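Notes for the one structure printed next.
Remember, it's a predicted structure, so these values are computed and weren't measured experimentally.
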Amino acid sequence: MIICKNRINSISFIDGMPLDKIKVGIQVTSKEYEKLGFEAFEEGIAIEPSPLLGINCERNACGYSYPDKTKPKESAVIGTRYWELLDWGGHPHSGYCDIIRDIYPKIEIKPANIEFIFVKNQAQEEFIIADISNDDKKKYLKQTINMFLEIFGFCEIFNEDLSLVTSRNHLKRCNWEILPPGVKAKALEKRKGDKAKNKKSFNQYRLDVLDTYKPEQTVIGLGGFSGYYAYLFSNTCFLESGTYGNATYIIPKKDWESLSKLSKGELSKTDKVIDKVIHNEDWEMNIATIIKKWENI
């Protein structure tokens, strides 16, 4: 099972699963460990994610609190302020005073201190797995999944042997990078940097739009979730990038595996591209037109 979204609000999707038999984490395919501050993967390393990586990582490391609105408000000091003034004679005075407000009492939640462990399976594939005891798994599962989502952009649910739990969402990985970057694209990667960050909401929007058409399967390549996705329908395959500024390529479903292994430049030189949709304000309308023409959805 692969989870790909900004965050989850519940763990109802695991209802019926034996919690003591599942593991939460990701398979390392694109140096994801670098986001945790490591230059190389070393089996056996355990690390508690930095609280600077996101709100869920901060709660994991430092704990948090929230108001208990079932109880009456109480008078409490919420801060201390410095003051200064001149009296009638022009003499300066200064000092500190407390700021007092009526607030709800707080419920304090202790930090979970969940660690991520670098492990390998029998095939020597690399994984980053959350170290959660079975007793705490239901209590901390939502927060742990959200930690992976805010750090890596995805999270995976594994069986004990680190095989993916079968999912109903038809999302899976392939063992190649979809539309790998060509020489020119690699040279431009660093230039795109900060500009691409401002397009994050539109990135997620495009992926959500394609999901609404209920593809038979969605595939993510070795480039990870910042690369291209393959959305497989009855007749076509939509190759959509997780990064703004690229384009959506529509190719025949029957040839999608071989074509998706080509770079964009190589793909464009073939006669197999059904259509290409640029990322702009007309993107959704153009996608709808192509879907209607080729899939009758």
Tell me if a side-chain donor or acceptor on [X] pairs with a main-chain N or O of [Y] at a distance below 3.5 Å.
X: E84; Y: P92; value: no
X: R59; Y: A112; value: no
X: N235; Y: W294; value: yes
X: D87; Y: G89; value: yes
X: T236; Y: F233; value: no
X: T270; Y: E266; value: no
X: S163; Y: N159; value: no
X: K106; Y: S65; value: no
X: N60; Y: I114; value: yes
X: K71; Y: Y104; value: no

Heavy atoms, side chains only, cut-off 4.5 Å: are [X] and [Y] in contact?
X: Q143; Y: N146; answer: no
X: H279; Y: E240; answer: yes
X: F158; Y: L164; answer: yes
X: I151; Y: F116; answer: yes
X: Y249; Y: S268; answer: yes
X: S234; Y: E216; answer: yes

Testing the 3.5 Å rule here: is there a donor-acceptor pair between the side chains of E48 and N113?
yes
Rounded to the nearest 0.5 Å, what's the gap from [atom1] on [X] to [atom2] on [Y]? Could you check?
X: I128; Y: E156; atom1: CD1; atom2: CD; value: 10.5 Å
X: F148; Y: I26; atom1: CZ; atom2: CD1; value: 6.5 Å
X: L207; Y: T212; atom1: CG; atom2: OG1; value: 11.5 Å
X: I251; Y: L239; atom1: CD1; atom2: CG; value: 4.0 Å
X: I3; Y: I157; atom1: CD1; atom2: CD1; value: 4.5 Å
X: E150; Y: K35; atom1: CD; atom2: NZ; value: 12.0 Å

Taking atom [atom1] of [X] as the centre, does the number of heavy atoms from other residues, nucleotides or ligands within less than 6.0 Å exceed 12?
X: Y66; atom1: OH; result: no
X: W283; atom1: CH2; result: yes
X: K120; atom1: NZ; result: yes
X: E39; atom1: CD; result: no
X: E108; atom1: CD; result: yes

What's the verdict on side-chain contact (heavy atoms from CB on, under 4.5 Å) for K23 and I132, showing C-alpha distance, side-chain angles and the deciding distance?
CA-CA 8 Å; K23 296 180 181 294; I132 318 175; over 6 Å; no
Over all atoms of both residues, closest heavy-atom pair of [X] and [Y]:
X: T218; Y: P215; answer: OG1-CG, 3.7 Å
X: C155; Y: L149; answer: N-CD2, 3.8 Å
X: K138; Y: I11; answer: O-CD1, 3.9 Å
X: K272; Y: P252; answer: O-CD, 3.1 Å
X: C57; Y: S50; answer: CB-O, 3.3 Å

Look at the side-chain heavy atoms of Ile, Leu, Val, Met, Phe, Trp and Tyr, link any pair under 4.5 Å apart, and say whether [X] and [Y] land in one connected group.
X: I103; Y: I107; answer: no
X: I220; Y: Y213; answer: yes
X: Y205; Y: V277; answer: yes
X: V24; Y: I8; answer: yes
X: I278; Y: I290; answer: no

Are W256 and V219 close enough, and set up right, to give a side-chain contact (heavy atoms from CB on, under 4.5 Å), and what steps lead you there?
CA-CA 11 Å; W256 87 269; V219 184; 3.9 Å; yes
Report the C-alpha distance between I22 and K137 in whole Å, list the side-chain angles of each, state the deciding distance to 0.1 Å, and finish with yes or no for side-chain contact (heavy atoms from CB on, under 4.5 Å).
CA-CA 9 Å; I22 64 173; K137 195 160 286 185; 4.3 Å; yes
Walk me through it: do F238 and I291 pass the test side-chain contact (heavy atoms from CB on, under 4.5 Å)?
CA-CA 10 Å; F238 283 62; I291 288 280; 3.6 Å; yes
Just checking F118 against F38, ring centres under 6.0 Å apart?
yes
